[in-house]
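The structure presented is a predicted model; accordingly, all values stated were derived computationally and were not measured. Numbers here simply count residues along the sequence, with the first being 1. Start at 1 and go down the list; that is how both ligands and their atoms are numbered. Values below: all heavy atoms of this structure, side chains included; hydrogens, waters and symmetry mates excluded.
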Amino acid sequence: MRASVYRNFVFRLHPATTAKARKITMSESDQSIGFSAPRLVAKKVLAKLQHEGQGAVVRRSIGRSELKFLDPFLMLDEFSVSPPAGFPDHPHRGFETVTYMLQGGITHQDFAGHKGTIHTGDVQWMTAGRGIIHSEMPAGEGEQKGLQLWINLSSRDKMIEPGYQELLSHDIRTAEKDGVEVRIIAGKSMGVQSPVYTRTPTMYLDFTMKPRTQMHQSIPESWNGFVYIIEGEGVFGKQSSSPVTAHHVLVLGPGDGLSVWNRASTPLRFVLIAGQPINEPVVQYGPFVMNTQAEIDRTLEDYHYSKNGFEMAKYWRSQ
Ligand code: FJE
Ligand code: FE
């Protein structure tokens with residue numbers, strides 16, 4: 001990959017080439033890649049099926065033992081729930097959950113009276129902050145599928161008021177170029193910016209690549225990033241890599257962008273997620289994520305005695 005990137009630049013810097021080479025230059029410069037140090041795949045892990053919640057099935061990628069944490073990301077689950085399974089009343093503190101529906105719907109209700117259903121293509125960006133108790137249950141018959149990402153908050157944001165950003169599918173901006181479509185959930189791609197406010201600076205892009213296409217996406221150099229493959233198979237990082245199939249997570253090494261090739265005869269769909277590392281200690285106890293054990297102890301007390309953000313827990317139960 002490095003070699004062909006350099007070849008592009010060399011062509012652009014030296015227009016005095018043969019007619020044949022110039023022709024190649026023209027077509028290559030159309031796909032201006034926009035970065036100079038391609039990130040390679042540093043680690044590849046298969047997200048195997050496991051049971052979570054009540055009767056739900058998830059493929060956990062970030063958050064499994066081989067890949068416990070990728071600062072600022074705590075967890076990524078590809079989930080599948082069919083009634084009566086789901087994620088009944090449970091708390092969160094100290095981070096954000098981002099739920100992106102791939103098929104069907106999830107109804108959420110929280111202890112502050114917030115209630116709603118998100119459907120295929122919709123996103124719920126929930127800031128748990130100092131405390132949320134909610135349920136997340138399937139909204140229809142059959143399999144309801146999606147991705148849930150947990151993003152850590154910095155110590156200064158862990159105890160903020162909880163809040164929601166909801167993005168309906170038709171409000172999610174998309175861009176398309178040369179057979180590659182991107183839905184921009186957070187951050188910017190192909191010149192299009194998402195309206196989502198990310199307290200922890202985050203990029204969240206959903207790419208679908210037609211067979212025999214390639215794409216190049218820039219990623220801030222200081223951020224950690226990964227890919228999770230939803231469907232199909234693709235070549236990531238450099239052209240000579242072996243293709244990787246669905247349900248794998250790929251941690252990206254250092255660099256300022258990612259190149260991907262779909263050489264298969266079926267579409268490739270994956271999410272590219274990257275974020276600015278927080279670089280603080282993380283102490284996690286299930287759905288509570290703080291900086292120290294003392295803060296976790298206080299959180300368990302707050303939850304138990306319904307205080308410091310968990311006041312509404314006293315009487316509330318989901319319907
Ligand atoms: C949780 C176990 C859990 N992945 N994907 C323990 F299952 C959960 C939890 C979820 C979850 C919910 C949805 Cl809608 C999708 C998920 C885990 O709710 F929070 C803890 N602590
Ligand atoms: Fe939850």
- Item | Expected output: side-chain Lys158 to main-chain Val289 donor-acceptor under 3.5 Å |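 Such a contact is found between Lys158 side chain and Val289 backbone.
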Query - Test item: Asn224 side-chain N/O and Asp71 main-chain N/O as donor-acceptor pair under 3.5 Å - result: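 The answer is yes, because a donor-acceptor pair under 3.5 Å joins these two groups.
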Number of protein N, O or S atoms [distance to the Fe ion (ligand 2) under 2.8 Å]: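 That number is 4, waters not included.
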Nearest protein heavy atom to [atom], by residue and atom, and its distance?
atom: atom 18 (O) of ligand 1; result: His90 NE2, 3.1 Å
atom: atom 20 (C) of ligand 1; result: Trp150 CH2, 4.1 Å
atom: atom 9 (C) of ligand 1; result: Phe87 CD2, 3.5 Å
atom: atom 2 (C) of ligand 1; result: Glu52 OE1, 3.0 Å
atom: atom 15 (C) of ligand 1; result: Phe79 CD2, 3.3 Å
atom: atom 4 (N) of ligand 1; result: Asp77 OD2, 2.7 Å
atom: atom 16 (C) of ligand 1; result: Gln148 OE1, 3.5 Å

Which atoms of ligand 1 sit under 4.0 Å from any heavy atom of [X]?
X: Pro287; value: 21 (N)
X: Met75; value: 4 (N), 17 (C)
X: Gly53; value: 7 (F)
X: His92; value: 19 (F)

If the threshold is 4.0 Å, N to carboxylate O, is there a salt bridge linking Arg263 and Glu233?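 So Arg263 does not pair with Glu233 through a salt bridge.
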| message | If the threshold is 4.0 Å, N to carboxylate O, is there a salt bridge linking Arg60 and Glu78? | response |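 Answer for the salt bridge query: no.
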| said: Would you say that more than 12 heavy atoms from the other residues, nucleotides or ligands in this model lie under 6.0 Å from the CD of Glu141, or not? | reply: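 12 or below, so no.
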- Query: Are there more than 12 heavy atoms of other residues, nucleotides or ligands under 6.0 Å from atom CD of Gln54?
  - Reply: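 No.
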Working for side chain to side chain donor-acceptor pair (under 3.5 Å), residues Asp122 and Ser169: CA-CA 4 Å; Asp122 299 343; Ser169 187; 4.6 Å; no
- Task: Treating Ile, Leu, Val, Met, Phe, Trp and Tyr as nodes and any side-chain heavy-atom pair under 4.5 angstrom as an edge, say whether Leu149 and Leu67 lie in one connected cluster.
- Result: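 Yes, one cluster joins them.
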Subject >> No-hydrogen, no-angle side-chain donor-acceptor test under 3.5 Å, Glu143 and Ser82 >> reply: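 No, because no side-chain N or O of Glu143 sits under 3.5 Å from a partner of the opposite role on Ser82.
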Checking side-chain polar atoms at under 3.5 Å, does Gln148 have a donor or acceptor matched by the opposite partner on Trp150?
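On atom types as modelled, these side chains qualify, holding a pair under 3.5 Å.
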Glu311 and Ser306: side chain to side chain donor-acceptor pair (under 3.5 Å), yes or no, with the steps? CA-CA 5 Å; Glu311 285 79 4; Ser306 302; over 6 Å; no
